[in-house]
Amino acid sequence: MSVVIRAVGSALPARAVPNDDLPASLETSDEWIKSRTGIAQRYIAANDETTSTLAINAARSALDNAGLNPEDIDGVIVATTTPDLTFPAVATMVQHELGVPRGTLAFDLQAVCAGFIYALGVADGLLQARRMRRALVIGAETMTRLLNWEDRTTCVLFGDGAGAVVLEIEEGLDALSGPAPRGIIDLQMNADGSLIDILHTKGGPSRTQDVGHLHMAGKEVFRHAVEKMSSAVLTLLDAHGFTPEDVKWYVPHQANQRILAAVAARIGAPPERFISTVAAHANTSAASIPLALHELERSGGLRRGDLMVMAGLGGGLAWGATLLRW
Ligand code: ACO
């Protein structure tokens, strides 16, 4: 058996905010933001748009694309750092609102910008263990609610959105061999808690009873993102005898165009195979990989069996990568 992505979907808030529409008090510019990050705009959730509403819309889109109904799902996992409420989990809201059968497992997982990679890893394990047969794996965030809108060094970088995949067991398939190999080949989930201080919120329910704002040592995060995403990708490829040239599509976490370019250069992969949605979406944390995957799928370039790598890094630091055949 193989664990395959059957379909992908996504959802964005209604309002896109171009760099020029950011508050003048920030004393930033379209030129500064584009040249340092590649970001041209971000989507910002309105008051009635929350992480759960975005997650539900992304999940609906993935189910439609899969030709499935909510009753066909037996697990919901949401990667998020910005849940609607401290508890219960956004995944339980998705289960209820969407009409996924009561009693199915539903939980959130928090690994910040690596959240979707971790969620895929955990879902893959549960599917391999046959604890479920078909799951919705969702990355959903309203990162703009965690920002200090007076800090131009962070608030220009993030946006809101959600992406979802339907992940399922397919019997009689193998991800590496057979006439039509397909599915997850291998994955890595890593963390180094000694680096908490370079990317974190100064707040949370237990310490401050509020959510706190995001703080970041930009240059340090940049350096670790390039080093750690590159080495996770190379380790996975090496373990299975692939070279970076063999990979048709790289779908990395969308933090910054310069990080994507530096990772491509470091591993020696053609930069045009790196999917980039950073200009349109900015950094949507756990949502960025499935949002980028959906863009790639809609572009029509993706073919069954294509070798693909996803990779992400975020606060913790937590990072990881997934190697699969589409
Ligand atoms: N507009 C205008 N000027 C700004 C802005 C802004 N939005 N932000 C910072 N500046 C100024 C700084 O104040 C500084 O001015 P000074 O020289 O007078 O002190 C100057 O620009 C340069 O600042 P640096 O921090 O040195 O700029 P740098 O080139 O390092 O770029 C950036 C900053 C874009 C944050 C970069 O470090 C980066 O991309 N880091 C990666 C961080 C990231 O993407 N994190 C996302 C979360 S983690 C993840 O998803 C991987």
Side-chain angles (χ1 to χ4, degrees), residues 17-42 79-82 110-118 139 141-161 163 190-192 195-202 212-233 250-264 266 274 276-279 281-292 310-321:
V17 179
N19 292 337
D20 280 335
D21 289 3
L22 290 169
S25 57
L26 288 176
E27 296 183 357
T28 187
S29 68
D30 182 50
E31 195 280 326
W32 192 96
I33 299 170
K34 275 194 188 138
S35 64
R36 296 302 213 288
T37 71
I39 295 165
Q41 63 166 34
R42 73 284 297 133
T80 188
T81 311
T82 47
Q110 199 262 77
V112 207
C113 301
F116 188 73
I117 298 290
Y118 268 68
E141 301 278 17
T142 43
M143 288 303 283
T144 63
R145 304 242 161 92
L146 272 189
L147 302 171
N148 172 1
W149 280 97
E150 289 172 5
D151 175 14
R152 67 178 183 173
T153 67
T154 53
C155 74
V156 305
L157 303 174
F158 294 89
D160 303 329
N190 313 95
D192 180 353
L195 296 166
I196 286 169
D197 286 347
I198 68 171
L199 182 56
H200 61 282
T201 59
K202 286 197 200 295
H213 288 140
L214 182 145
H215 290 262
M216 177 179 74
K219 283 191 206 304
E220 280 288 282
V221 174
F222 193 111
R223 187 170 63 78
H224 284 289
V226 175
E227 266 176 32
K228 292 181 165 45
M229 284 203 283
S230 305
S231 77
V233 171
Y250 291 88
V251 187
H253 168 52
Q254 306 285 316
N256 180 314
Q257 190 56 41
R258 285 160 57 219
I259 293 179
L260 303 192
V263 173
R266 196 173 173 115
F274 272 65
S276 176
T277 56
V278 73
H281 300 159
N283 183 344
T284 57
S285 190
S288 90
I289 291 174
L291 271 164
M310 304 179 195
L313 172 139
L317 294 181
W319 69 97

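It should be emphasised that the depicted structure is a prediction, and the values quoted were computed from it without experimental measurement. When a ligand or atom number is given, it counts from 1 through the structure's own listing order. Below, all heavy atoms of this structure are taken into account, side chains as well, without hydrogens, waters or symmetry copies.
In terms of protein heavy-atom proximity, atom 22 (C) of ligand 1 is nearest to Arg36 NH2, 3.9 Å. Given atom 34 (C) of ligand 1, the protein heavy atom at minimum distance is Thr37 CG2, 3.8 Å. Scanning all protein heavy atoms for the shortest distance to atom 9 (C) of ligand 1 gives Trp32 CZ2, 3.4 Å. The shortest contact between atom 46 (C) of ligand 1 and any protein heavy atom is with Asn283 ND2, 3.3 Å. If you check which protein heavy atom lies closest to atom 45 (N) of ligand 1, you get Met216 SD, 2.9 Å. From the protein, the heavy atom lying nearest to atom 28 (P) of ligand 1 is Lys219 NZ, 3.8 Å. In this structure, atom 51 (C) of ligand 1 lies nearest to the protein heavy atom Leu313 O, 3.4 Å. Shortest contact from atom 1 (N) of ligand 1 to any protein heavy atom: Thr28 OG1, 2.6 Å.
Contact atoms of ligand 1 toward Thr153: 8 (N), 9 (C) (distance under 4.0 Å to a heavy atom of the residue). For ligand 1 and Gly218, the ligand atoms under 4.0 Å from any heavy atom of the residue are 37 (O), 40 (N), 41 (C), 42 (C). Within ligand 1, the atoms closer than 4.0 Å to a non-hydrogen atom of Phe158 are 46 (C), 47 (C), numbered from 1 in the order shown.
Checked by atom type, the side-chain pair Asn19/Arg42 shows a donor-acceptor distance below 3.5 Å. A donor-acceptor pair shorter than 3.5 Å cannot be found between the side chains of Thr142 and Asp160.
For Val156, the heavy-atom gap to ligand 1 drops under 4.0 angstrom.
Contact record, Ser285 with Val112: OG-C, 3.5 Å, taken as the closest heavy-atom pair.
Each of Ile289, Thr284, Val278, Ile39 was scored for a side chain to side chain contact (heavy atoms under 4.5 Å, CB included) with Gln254, with one residue passing: Val278.
Residue nearest to atom 44 (O) of ligand 1, selected from Ser35, Gly312, Ala255: Ala255 (by heavy-atom distance).
No donor-acceptor pair closer than 3.5 Å links the side chain of Trp149 to the backbone N or O of Pro23. Put simply, the side chain of Tyr118 gets close to the backbone of Asn190: a donor and an acceptor are under 3.5 Å apart. Formation of a donor-acceptor pair under 3.5 Å by the His224 side chain with backbone atoms of Val221 is not found in this model. With hydrogens and angles ignored, the 3.5 Å screen pairs a side-chain donor or acceptor of Asn256 with a backbone N or O of Arg36.
Distance screen at 4.0 Å: atom 11 (C) of ligand 1 has a protein heavy-atom neighbour inside the cut-off.
Checked by distance only, ligand 1 and Arg152 come closer than 3.5 Å through their nitrogen or oxygen atoms.
Taking the ring-ring contact (aromatic ring centres under 6.0 Å, His included) definition, one finds that Phe158 meets it with nothing, sequence neighbours left out.
Pairs passing the salt bridge (Lys or Arg N to Asp or Glu O under 4.0 Å) check and including a residue from residues 221-230, sequence neighbours excluded, read Glu220-Arg223, Arg223-Glu227.
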